[in-house]
Amino acid sequence: MISAELFHAETVRANSAEPFLADEWVMDEVADQQQSTAEEDNQSGEEIAKENSEIAKIRELISLSKVFYIIVILVLTYFINKYLTLILDNLSEKATNYRLFIKRLAPISRIVIWSFAIYIVIAGVIAPPFETIVAIGASVGIAVGFASQDILKNIFGGIIIILDRPFQVGDKIEVGQHYGEVLNIGLRSCRIVTPDDSVVSIPNAELMNTAVSNSNSSALDCQVVAEIYLPAAVDIQKVKQIAFKAVYASSYTYLNKPVAVIVLNEMENRHFLYKLRVKAYVVDIRFEFFYKSDLTEMIVDECNKLGMVPASTADIAVAKTED
């Protein structure tokens, strides 16, 4: 009897505990949901606060006043570079002996001035945090690298040309079919002026992948080769004496360098001809073609005066010039 009562009591307590456990489980679920909702609200609040702080940083980095100062600095840098180039050009024309040296300062000064201006804009005006510089630099570098590969090739080519110096401003170079004096070495291209006074712009990437012939290699003087064709019947020794006299008589000759006269035998229209190659140095590369013309005129005119060229073959004595 007693055991039956105990069993009945346990059954009653178990039945009464079931609703209690269910209520406790529901309360736990509600508490968990409230906690997760609170955590989500906190995370969203933190994200919004982070976004607002980033926007505030961007607004602080880029403001109207800073944009105005950046424009002023870039414009001033442009005019400083322009007037400095004009000053160097005028000085180079006045100081003839230092003309090439002064002209070669122009491309280096442009790079230094622009680099200093960019440094002032970034470090002095914008003044971003280091992490921002790294992030923006990486993003911009990737975007620019894919969008402007050719431009970057030309820029790197210009920097290498300035550092390696295969040629400099004032040199006479030959690139492909173009020959002339180097006027300017820029970050994108180099400009040369041809003998017919045409300015040719050659991309730096092409200059890096093409053979470039330099006539004077940074010297003010350069070698000039005048080729003169004469009939095989002339007294070649006498003609060589005339050639040497013409070289030393010309006002364009640079006398501190050696002079050479070479005789070659060639055939033209089934006739043997002498090709006289007169090698001498001009005092200034700008007088290169005047010097060739001067040598040719003096040699051919003297040969005609001495009767060394027959009248029937006088038109064969044609002067040809090359570098």
Problem set entry | Any Glu227 side-chain heavy atom under 4.5 Å of Thr296 side chain | no
Exercise. Same cluster or not: are Ile73 and Tyr119 linked, directly or through other Ile, Leu, Val, Met, Phe, Trp or Tyr residues, by side-chain heavy atoms under 4.5 angstrom apart?
Worked result: no
Exercise. Any side-chain heavy atom of Val225 sitting closer than 4.5 Å to one from Val278?
Worked result: no
Exercise. Should Phe167 and Cys190 count as side-chain neighbours, where that means a heavy-atom distance under 4.5 Å?
Worked result: yes
Exercise. Which residues satisfy the side-chain hydrogen bond (donor to acceptor under 3.5 Å, both in side chains) test with Asp301, sequence neighbours excluded?
Worked result: Lys305
Under 3.5 Å, which donor-acceptor pairs do the side chains of residues 230-252 form with other protein atoms, sequence neighbours left out?
from	atom 1	to	atom 2	distance (Å)
Asp235	OD1	Gln237	N	3.4
Ser250	OG	Tyr252	N	3.2
Ser250	OG	Asp294	OD2	2.7

Exercise. CD/Glu266 to OH/Tyr229 distance, rounded to the nearest 0.5 angstrom?
Worked result: 4.5 Å
Exercise. Do Val282 and Tyr254 come close enough that some side-chain heavy atom pair is under 4.5 Å?
Worked result: no
For this session: Give, for atom CD of Gln168 and atom CG of Asn216, the distance between the pair rounded to the nearest 0.5 Å.
Result: 10.0 Å
Seminar exercise, completed: side-chain contact (heavy atoms from CB on, under 4.5 Å) filter on Asp196, not counting sequence neighbours, yields Thr194, Ser198
For this session: Please test Leu207 against Asn204 for side chain to side chain contact (heavy atoms under 4.5 Å, CB included), starting from the C-alpha separation and ending with a verdict.
Result: CA-CA 5 Å; Leu207 290 171; Asn204 292 328; 4.0 Å; yes
For this session: Determine the minimum heavy-atom distance between Pro195 and Phe289, stating which atoms define it.
Result: CG-CZ, 3.3 Å
Exercise. From Asp221 CG over to Leu255 CG, what is the distance, rounded to the nearest 0.5 angstrom?
Worked result: 11.5 Å
For this session: Please answer: with hydrophobic residues joined when any side-chain heavy atoms are less than 4.5 Å apart, are Val193 and Phe290 in the same cluster?
Result: no
For this session: Please name the pair of heavy atoms, one in Pro203 and one in Asn154, separated by the smallest distance, quoted to 0.1 Å.
Result: CB-OD1, 3.6 Å
For this session: Side-chain contact test, heavy atoms from C-beta onward, threshold under 4.5 Å: evaluate it for Glu174 versus His178 and give yes or no.
Result: no
Problem set entry | salt bridge (charged side-chain N to carboxylate O under 4.0 Å, His left out) involving Glu206 - partner list, sequence neighbours excluded | none
Exercise. Should Phe116 and Tyr83 be regarded as members of a common hydrophobic cluster, given that ILVMFWY residues are connected when their side-chain heavy atoms come within less than 4.5 Å of each other, either directly or indirectly?
Worked result: yes
Exercise. Taking a hydrophobic cluster as the set of Ile, Leu, Val, Met, Phe, Trp and Tyr residues connected by side-chain heavy atoms closer than 4.5 Å, whether directly or through intermediates, do Val75 and Ile70 fall within one such cluster?
Worked result: yes
Problem set entry | Residues which pass side-chain hydrogen bond (donor to acceptor under 3.5 Å, both in side chains) with Asn81, listed by chain and number, not counting sequence neighbours | none
Problem set entry | Contacts of Arg188 that satisfy side-chain hydrogen bond (donor to acceptor under 3.5 Å, both in side chains) - sequence neighbours left out | none
Problem set entry | Over all atoms of both residues, closest heavy-atom pair of Pro166 and Ile161 | CD-O, 3.6 Å
For this session: Drop me the distance from Glu288's CD to Arg286's CZ, to the nearest 0.5 angstrom.
Result: 13.0 Å
Exercise. When hydrophobic residues are tied together by side-chain contacts of less than 4.5 Å, even through go-betweens, does Val199 share a cluster with Val175?
Worked result: no
Exercise. Can Leu183 and Ile192 be said to form a side chain to side chain contact (heavy atoms under 4.5 Å, CB included), step by step?
Worked result: CA-CA 5 Å; Leu183 291 179; Ile192 64 174; over 6 Å; no
Seminar exercise, completed: Of all heavy-atom pairs linking Ala117 and Thr77, the shortest is CB-OG1, 3.2 Å
Exercise. Hydrophobic cluster mates of Ile262, side-chain heavy atoms under 4.5 angstrom, ILVMFWY only, any path?
Worked result: Leu264
Problem set entry | Contacts of Tyr69 that satisfy side-chain contact (heavy atoms from CB on, under 4.5 Å) - sequence neighbours left out | Ser65, Val125
For this session: Just jot down the salt bridge (charged side-chain N to carboxylate O under 4.0 Å, His left out) partners of Arg191, sequence neighbours excluded, or say none.
Result: none
Exercise. Is there a salt bridge (Lys or Arg N to Asp or Glu O under 4.0 Å) between Lys172 and Glu181 once you walk through the steps?
Worked result: CA-CA 4 Å; Lys172 284 288 189 75; Glu181 180 182 351; 5.5 Å; no
Exercise. Excluding sequence neighbours, so at least two apart, what forms side-chain contact (heavy atoms from CB on, under 4.5 Å) with Tyr78?
Worked result: Lys82, Trp114
For this session: For residues Ser215 and Ile285, determine if any side-chain heavy atom of one lies less than 4.5 Å from a side-chain heavy atom of the other.
Result: no
Problem set entry | Pairwise distance CG(Leu273) to CG(Asn265) - rounded to 0.5 angstrom | 8.0 Å
For this session: Side-chain contact test, heavy atoms from C-beta onward, threshold under 4.5 Å: evaluate it for Val169 versus Ile185 and give yes or no.
Result: yes
Problem set entry | Neighbour count >12 (heavy atoms, 6.0 Å) for atom CG, Asp197 | no
Problem set entry | Partner residues of Thr253 under the side-chain hydrogen bond (donor to acceptor under 3.5 Å, both in side chains) criterion, sequence neighbours left out | Tyr291
Exercise. Among pairs that include at least one residue of residues 154-163, which meet salt bridge (charged side-chain N to carboxylate O under 4.0 Å, His left out), considering only residues two or more places apart or in two chains?
Worked result: none
Problem set entry | Closest approach of Tyr281 to Gln223 (non-hydrogen atoms, all atoms of both residues) | CD2-N, 3.5 Å
Exercise. Roughly how far, to the nearest 0.5 Å, is the CG atom of Asn304 from the CD1 atom of Ile299?
Worked result: 12.0 Å
For this session: Check whether any side-chain heavy atom of Thr85 lies under 4.5 Å from a side-chain heavy atom of Ile87, and answer yes or no.
Result: no
Problem set entry | For the student: nearest non-hydrogen atoms of Ser201 and Ser189, plus distance | CB-OG, 4.2 Å
